[in-house]
Amino acid sequence: MNAHSRRVAGQRLPRLDGIGKVTGKHVYAADFTLPGMLFGKVLRSRRAHALIRKLDISRAAAIPGIRGIITSADIPAVRFGQAVRDTSVFALDRVLFAGHPIAAVAATSLEIAEQAIAAIDVEFEDLPTLFDPEAALDSNIRIHPDWETYKALPIIARSGNISGRARIRAGDVNEAFASAYRVYEHRFTTPLVHPGYTEPRTAVADWDANSNVTVWSNTQLPFDTQNTLAEILDLPAARIRVIVPGIGGGFGGKLRIGVEHFAALLARKTARPVKVMTTCEDELTSAYPRQATVVTLKTGVDREGRLLAREGRIIVDCGAFAGSGPGTAAISLQIMAGPYKTPVLALEGIAVYTNKVPSGSFRAPAGPMANFAVESQMDIIARDLGIDPLEIRLRNIVREGDLGPSGEIHKSVSIEECLRRAADAIGWEQRNPEPGRGKGIACSWWMTTGGSSGVYVKINPDGTATLVSGAVEIGSGAITGAAQVLAEELSLDLTDINVAGVDTQTAPFDYGAQGSRTAFSVGNACLAAASDLRRQMFDLAARQLDAEVNTMVLRDKHVVAGSKSISIAELARISRLSGGGLIAHGTAISPSPAYDPTRLENHPLPAWNSPSYHAHAVDLSVDSATGSVTINRYVVAQDVGFAINPTYIEGQIEGGVAQGIGQALSEEIVYNEGTVVNANLTDYKMPTAQDMPDVECILVECASAAGPYGAKGVGEPPCIQPPAAINNAIAAATGFWLDSLPMTAEKIAKQLRASRA
Amino acid sequence: MTRTNLDILINGERHQILIEPHWTLLHVLRSVVGMMGTKENCLEAECGVCTVLLDGKSVNSCILLAGQTAGRSVTTIEGIGNPEHLHPLQAAFIECGAVQCGYCIPGMILTAKSFLDENPGRRQSRDEIREAIAGNLCRCTGYRKIVDAVALAAERMSVAGAKP
Ligand code: FES
Ligand code: FES
């Protein structure tokens with residue numbers, strides 16, 4: 001099938017959930033209520049590190065309207081967690097960060113629940129604190145004194161406050177540095193940032209008469225939530241049903257269990273449905289933000305700016321629990337290598353505990369942090385050697401067949417096209433159109449996240465199809481994209497596809513709306529289901545039409561065999577009478593590329609599936625008095641393999657750039673002595689419509705052999721390059737680079753004054 | 001509890017509701033009247049997801065005491081169009097691909113409506129639109145397609161010359 005013959009896939013069709021969303025009819029988790037529902041609240045520590053000396057709930061329990069209170073005394077001391085099982089529902093004998101849950105209450109109204117929280121009496125004895133991840137590396141303060149007793153994935157290397165350490169090595173760096181023309185060393189830092197979804201994390205839980213629990217929540221990973229709840233509640237997973245109504249964004253922040261366990265435990269205690277929803281303060285003090293990092297890079301080059309060797313280390317501040325810290329530290333290594341050919345590598349990623357909020361995954365975990373370092377340093381090297389920043393990249397980028405950092409072979413490589421098209425679009429030949437104005441460029445690569453997907457597809461008697469998937473439509477349009485693949489294969493219109501809501505009791509497994517995978521992986525599962533359905537329909541049609549299966553095609557909602565045809569609707573009706581209806585199960589798993597295991601140590605994600613390549617170019621002005629940055633133009637050239645629905649791919653790119661610009665210029669969770677000082681949306685500054693330019697998207701389509709019609713993962717990449725591209729443009733405008741995010745007006749003004757003096 | 005009576009017009013229908021003095025309009029809409037189209041998030045007038053129209057002007061319902069709305073007219077997203085008859089803004093948001101997770105969208109559309117109604121029959125510049133919607137955070141879209149949608153609706157409404 002060639003691109004021109006596709007009627008549905010590749011078209012800018014309106015998303016299937018659009019009308020519900022613009023009319024207010026779409027139901028989100030936050031909108032979900034049940035009769036007799038109670039409201040839950042969580043008591044959170046205000047101390048950063050302390051022993052709990054006394055916990056007295058008697059005053060709170062006496063408040064009228066309180067229906068139940070739970071503390072760690074009421075539940076088994078289960079430890080859970082993704083890579084390291086270091087997390088408990090409530091603080092056990094000690095709190096590890098300001099925000100650590102201590103108790104939860106359920107009441108007939110939110111106000112009463114809040115009063116009860118205030119009436120719980122806790123006495124603490126402070127412990128010495130650790131807030132600086134570098135200091136935590138060799139401090140003798142232990143945030144988890146008994147970390148050795150925690151279970152962890154075998155791939156995770158731990159010691160002291162280190163919750164994970166991964167390495168990639170190739171060749172001998174010291175030898176390579178000794179023979180290099182020049183060696184550059186830099187250190188960059190990035191702060192904690194919040195995913196900033198507009199719908200707070202919410203769960204409603206209800207137990208039925210057979211002691212099974214149903215949880216309605218806005219999780220990105222219903223099956224992971226189901227499993228974690230099974231451990232916490234000590235029940236088989238099959239007795240826990242997770243249903244996802246609508247979800248108001250996630251960006252990785254709603255991957256791991258957030259409030260579902262509080263709702264389920266309170267509902268069990270009170271025998272009533274319970275709703276728990278976070279506040280803005282909860283979100284900014286105790287959700288799962290992007291880790292703060294310290295990145296050090298040492299790079300050796302030859303006279304022409306060719307990369308000879310790179311030594312890199314990223315320290316990922318995972319906060320009080322490991323969360324996705326070990327994984328993020330490991331993924332950073334691929335980003336530190338960049339989409340560059342570097343023969344010698346010594347890369348190390350370390351996740352370390354501190355007494356701060358446990359962090360998680362936020363869109364392209366590791367991307368913006370490591371790329372900020374790598375791509376800023378590329379420009380610094382170019383300036384020093386007198387090479388144009390675009391040129392130094394073109395000299396070093398990987399080409400088809402080159403070895404990647406894990407020894408894998410780069411395939412379907414489009415980085416040169418991305419760089420050239422982004423540079424052309426921004427008008428690269430004129431990098432300083434006027435004083436105080438400059439253009440910058442940055443590039444990167446990123447994986448198509450793996451994991452398996454299953455779908456059921458059922459043909460309805462009217463000839464439409466119902467798609468049942470365990471993947472959440474998080475807002476990206478990915479499920480509409482997968483439905484486009486299905487419609488294309490079945491010769492249906494997109495509006496003929498009904499998408500069922502996600503319910504772990506009825507949906508096949510899906511690895512989840514995480515990473516850049518949903519349209520890719522669910523789309524592949526739809527291809528498989530459609531092929532099975534075609535076989536079923538052809539078999540049935542063979543009898544009805546008295547024709548050979550190998551003469552049949554599916555066209556315009558009919559099975560056609562020469563001059564004879566029968567509609568899909570008719571076949572579905574016949575099948576209902578004779579064979580239980582037309583239904584298929586399609587599955588997909590991303591291929592794992594071959595790699596060289598001798599290069600890797602403790603790396604949970606050794607080689608990237610169907611990677612994508614991309615370049616960002618920005619034109620900005622810096623106010624010479626205030627240091628404030630105005631973005632004049634922003635261009636993204638991104639290889640998406642095949643654009644299943646260009647409109648929503650652009651939406652993903654524009655939104656990802658907005659988050660990247662926030663991280664570049666304004667966003668930061670600010671701690672002072674272990675307390676977040678900006679836990680509200682006035683002081684945590686996300687970009688508004690006035691802060692954003694009209695992002696210009698160039699979709700490059702260099703097909704992947706593994707994706708539906710060649711598609712690659714799309715969602716995370718646009719968040720990666722904005723900090724580096726903006727830093728390089730600031731340097732073009734001012735002559736200096738910043739070494740820490742966010743690049744606030746204050747920091748820039750300070751450097752402007754210093755460079756004038 | 002000292003409940004008082006609130007007489008209020010919501011989407012053209014008169015409601016008489018017993019309220020407590022500290023209840024916000026958002027609480028009344030979502031928890032008493034059951035109109036879930038109006039969303040909640042920050043509860044401190046920073047994100048805009050709870051925007052409704054009060055006598056035609058956009059307000060953050062999360063910080064407006066319900067008592068202050070007595071005798072006034074409130075319009076929520078449910079009141080400006082429905083799936084069979086979309087408001088031009090609703091149609092434009094879908095057409096332009098301006099909807100992603102959708103959680104900000106009801107508030108965004110009502111803010112845009114209030115802005116367009118203040119300037120009837122006029123096309124809006126992109127900068128004017130950006131300024132008008134700057135109080136509504138959207139974390140999914142990057143705003144470009146939202147601005148496209150408001151501009152498209154403004155154009156259509158100005159051509160139509162009348163409010164629908
Ligand atoms: S909930 Fe009202 S402005 Fe955020
Ligand atoms: S569409 Fe998700 S916040 Fe705007």
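Every chain is numbered from 1, with letters handed out A, B, ... down the list of sequences.
Only the backbone of B/Asn82 has a heavy atom closer than 4.5 Å to any heavy atom of chain A. With a 4.5 Å cut-off on non-hydrogen atoms, A/Tyr648 touches chain B through its side chain but not through its backbone. When heavy atoms are compared at a cutoff of 4.5 Å, A/Thr33 approaches chain B solely by way of its side chain, counted from C-beta outward. Contact annotation for A/Pro687: both backbone and side-chain heavy atoms come within less than 4.5 Å of a heavy atom of chain B. Both the backbone and the side chain of B/Val99 have a heavy atom closer than 4.5 Å to some heavy atom of chain A. Only the backbone of A/Val695 has a heavy atom closer than 4.5 Å to any heavy atom of chain B. Using a 4.5 Å cut-off between heavy atoms, B/Glu44 touches chain A through its side chain atoms alone. Both the backbone and the side chain of A/Glu650 come within contact range of chain B, judged by heavy atoms closer than 4.5 Å. For B/Glu40, the parts lying near chain A are the backbone and the side chain together; criterion is any non-hydrogen pair under 4.5 Å. For a residue to count as touching a neighbouring chain, one of its non-hydrogen atoms must lie under 4.5 Å from one of that chain's; by this rule A/Ile474 touches chain B with the backbone only. Neither the backbone nor the side chain of A/Glu283 has a heavy atom closer than 4.5 Å to any heavy atom of chain B.
Residues A/Glu199 and B/Lys39 are not in side-chain contact: their nearest non-hydrogen atoms beyond the backbone lie 4.5 Å or more apart. Side-chain contact between B/Glu46 and A/Asn680: absent, with no pair of heavy atoms (C-beta onward) separated by less than 4.5 Å. Under the 4.5 Å side-chain criterion, counting only non-hydrogen atoms from C-beta, A/Glu696 is in contact with B/Arg144. Between B/Arg130 and A/Met692 the shortest side-chain heavy-atom distance falls below 4.5 Å. A heavy-atom distance below 4.5 Å is not found between the side chains of B/Cys140 and A/Tyr197. Annotation: side chain of A/Leu681 is in contact with side chain of B/Leu137 (closest heavy-atom distance under 4.5 Å). Residues B/Thr141 and A/Glu654 are not in side-chain contact: their nearest non-hydrogen atoms beyond the backbone lie 4.5 Å or more apart. With contacts defined as side-chain heavy-atom distances shorter than 4.5 Å, the pair B/Met36/A/Lys25 does not qualify.
Across all their heavy atoms, B/Tyr103 and A/Gly248 have their closest contact at CB-CA, 3.9 Å. When every heavy atom of A/Ala658 is checked against every heavy atom of B/Gly142, the shortest pair comes out as CB-CA, 3.7 Å. Of all heavy-atom pairs between A/Thr647 and B/Gly97, the closest is CG2-CA, 3.7 Å. In this structure, B/Cys101 and A/Tyr28 approach most closely via the heavy-atom pair O-OH, 2.7 Å. In terms of heavy atoms, B/Cys104 sits closest to A/Thr198 at N-OG1, 4.2 Å.
Atom CZ of B/Arg139 and atom CZ of A/Arg363 lie 9.0 Å apart (nearest 0.5 Å). Distance check: B/Glu84 CD to A/Ile19 CD1 gives 8.5 Å after rounding to the nearest 0.5 Å. Of the inter-residue distances, the one linking A/Thr23 atom OG1 with B/Ile105 atom CD1 reads 12.0 Å to the nearest 0.5 angstrom. Rounding to the nearest 0.5 Å places OH of B/Tyr143 at 7.5 Å from CG of A/Asp691. For the atom pair CD1 of B/Ile133 and OG1 of A/Thr688, the computed distance is 8.5 Å after rounding to the nearest 0.5 Å.
Ranked by non-hydrogen atom pairs under 4.5 Å with chain A, the options B/Pro106, B/Gly37, B/Pro83, B/Cys42 are led by B/Pro83. Most heavy-atom pairs under 4.5 Å with chain B, from the set A/Ala30, A/Gly20, A/Pro14: that is A/Ala30. Between chain B and the options A/Gly656, A/Pro693, A/Ala689, heavy-atom pairs under 4.5 Å are most frequent for A/Ala689. Between chain A and the options B/Ala132, B/Cys47, B/Gly102, heavy-atom pairs under 4.5 Å are most frequent for B/Gly102.
A side chain to side chain contact (heavy atoms under 4.5 Å, CB included) with A/Val22 is found for one member of B/Ile94, B/Ile77, B/Ile80 and no other, namely B/Ile94.
The closest donor-acceptor contact from the side chain of B/Gln100 to the backbone of A/Gly651 lies under 3.5 Å.
For CD of B/Glu131, the number of neighbouring non-hydrogen atoms (other residues, nucleotides, ligands) closer than 6.0 Å is 12 at most. Within a 6.0 Å radius of NE2 in B/His15, other residues, nucleotides and ligands contribute more than 12 heavy atoms.
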